[in-house]
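Okay, so here's the structure we're looking at.
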Amino acid sequence: MSLRVATIGRNGQVARALASCAADAPDLTLIQASSAEADLRDSDSLARFIDAAAPHIVINAGAYNNLDRAETDRDVAFAINAEGPRALARICAAREIGFVHMSTDCVFDGTKDGAYSEIDAPNPLSVYGHSKHAGEIAVLEHNPAALTVRVCWVFSEFGENFVSRMISLARTRQDLRVVDDQSGPPTYAPDIATGLLAIARRKHAAPADLCGLLHFAAPGRIDRASMAQAIMDESRRQGGPFTHISPVSSVAFGAPARRPANACMSSDIATRQLRLAWTPWDAALEQSVRGILARG
Ligand SMILES: NC(=O)c1ccc[n+]([C@@H]2O[C@H](COP(=O)([O-])OP(=O)(O)OC[C@H]3O[C@@H](n4cnc5c(N)ncnc54)[C@H](OP(=O)(O)O)[C@@H]3O)[C@@H](O)[C@H]2O)c1
């Protein structure tokens with residue numbers, strides 16, 4: 001029988017990468033709901049979607065991801081990032097459906113020297129980080145068999161992300177200020193999607209496998225301004241827009257939400273347990289820029 005995987009979220013970056021990845025997996029049926037079909041603020045809509053989809057596994061790829069807006073939109077951020085996952089955890093536990101939730105490096109304060117592991121203590125700096133941390137706790141509380149996968153600095157040719165935003169801004173700006181005191185591991189969304197589907201297969205075969213927390217992050221590390229420069233160089237190489245990048249400090253940039261200075265997470269456990277392969281940064285960037293430029 002085909003493995004049925006349902007996702008909360010259809011148009012987001014990871015949801016689209018999952019759709020692309022699942023298209024190459026004939027043994028798997030993917031059923032996706034947009035926020036209009038299954039709203040994380042409305043537990044009845046979540047239950048209705050899950051009952052109609054009849055999945056073996058639910059992946060929550062939906063979230064309130066606007067860090068800066070969350071600072072003044074706390075209630076909505078918590079409703080989507082904490083109460084929605086709580087409802088999903090309960091719904092899946094009651095129906096004995098495997099549940100995979102997604103979270104973020106922003107649960108950490110970024111003061112660690114090396115990469116964060118799954119046992120490091122969260123200490124969020126922003127409303128977004130607090131709301132995602134509250135979601136992690138709620139999922140653990142209501143569904144101990146669930147797995148929360150933390151990801152960070154996700155980019156690809158799908159949806160909107162740092163690469164698409166830099167290319168879009170380069171079309172109209174002579175100069176772009178980008179922070180150089182935040183660094184992290186740019187991680188290619190299709191690699192995350194491949195890992196999430198590997199988890200779905202494992203949890204379908206053995207529901208008690210892979211519970212709790214897992215980090216998915218590529219092994220590299222770069223600061224935001226250097227990443228922006230690499231995006232401009234690649235876009236220029238492919239005949240796309242490019243502009244001048246001016247590195248600035250986070251304080252000078254003045255974003256409303258604080259971000260971790262160090263967003264690196266170690267995926268040693270996930271890489272070993274799921275035999276994950278991380279696409280090299282330059283190949284993933286080339287593919288992402290190509291796809292984004294093709295979108296026009
Ligand atoms: N992108 C990153 O760099 C990054 C970093 C750290 C963690 N994450 C986490 O990774 C996961 C996937 O993120 P992403 O980058 O794919 O997100 P994204 O591209 O920003 O897309 C957001 C997704 O959330 C859905 N959504 C928004 N409000 C919703 C609501 N009220 N009810 C149901 N769904 C709702 C959207 O639904 P529609 O399909 O209707 O648009 C969309 O599919 C999230 O948990 C996010 O916090 C991402």
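Remember, it's 1-based here, ligands and their atoms both numbered in the order they're listed.
- If you run side-chain contact (heavy atoms from CB on, under 4.5 Å) between P185 and each of C264, S266, P219, only C264 comes through.
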For ligand 1, what N or O to protein N or O distances fall under 3.5 Å?
unit_1	atom_1	unit_2	atom_2	d
ligand 1	3 (O)	V154	N	3.0
ligand 1	13 (O)	N65	ND2	3.4
ligand 1	16 (O)	Q13	N	3.2
ligand 1	16 (O)	V14	N	2.8
ligand 1	17 (O)	N65	ND2	2.8
ligand 1	19 (O)	Q13	N	2.8
ligand 1	20 (O)	N65	ND2	3.0
ligand 1	24 (O)	A63	N	3.0
ligand 1	24 (O)	A63	O	3.4
ligand 1	31 (N)	D39	OD1	2.9
ligand 1	32 (N)	L40	N	2.8
ligand 1	39 (O)	R10	N	2.8
ligand 1	39 (O)	N11	N	2.6
ligand 1	39 (O)	N11	ND2	3.3
ligand 1	40 (O)	S35	N	2.8
ligand 1	40 (O)	S35	OG	2.8
ligand 1	43 (O)	G12	N	3.1
ligand 1	45 (O)	M102	O	3.4
ligand 1	45 (O)	K132	NZ	2.8
ligand 1	47 (O)	N65	OD1	2.8
ligand 1	47 (O)	Y128	OH	2.9
ligand 1	47 (O)	K132	NZ	3.0

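- Contacts of R48 classified as side chain to side chain donor-acceptor pair (under 3.5 Å), with partners at least two apart in sequence or in another chain: none.
- Taking the six-membered ring where the residue is Trp, H56 and H204 present tilted rings, their angle falling between 30° and 60°.
- Hydrophobic clustering, defined by side-chain heavy atoms of Ile, Leu, Val, Met, Phe, Trp and Tyr closer than 4.5 Å, leaves I119 isolated from every other such residue.
- The six-membered or imidazole ring of F155 lies near that of Y188, with a centre-to-centre distance under 6.0 Å.
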Residues 220-232 side chain polar contacts: donor-acceptor under 3.5 Å, at least two apart:
unit_1	atom_1	unit_2	atom_2	d
R221	NE	S183	OG	2.8
R221	NH2	S183	OG	2.9
D223	OD1	A225	N	3.0
D223	OD1	S226	N	2.9
D223	OD1	S226	OG	3.3
D223	OD2	S226	OG	2.6
Q229	NE2	D233	OD1	3.0

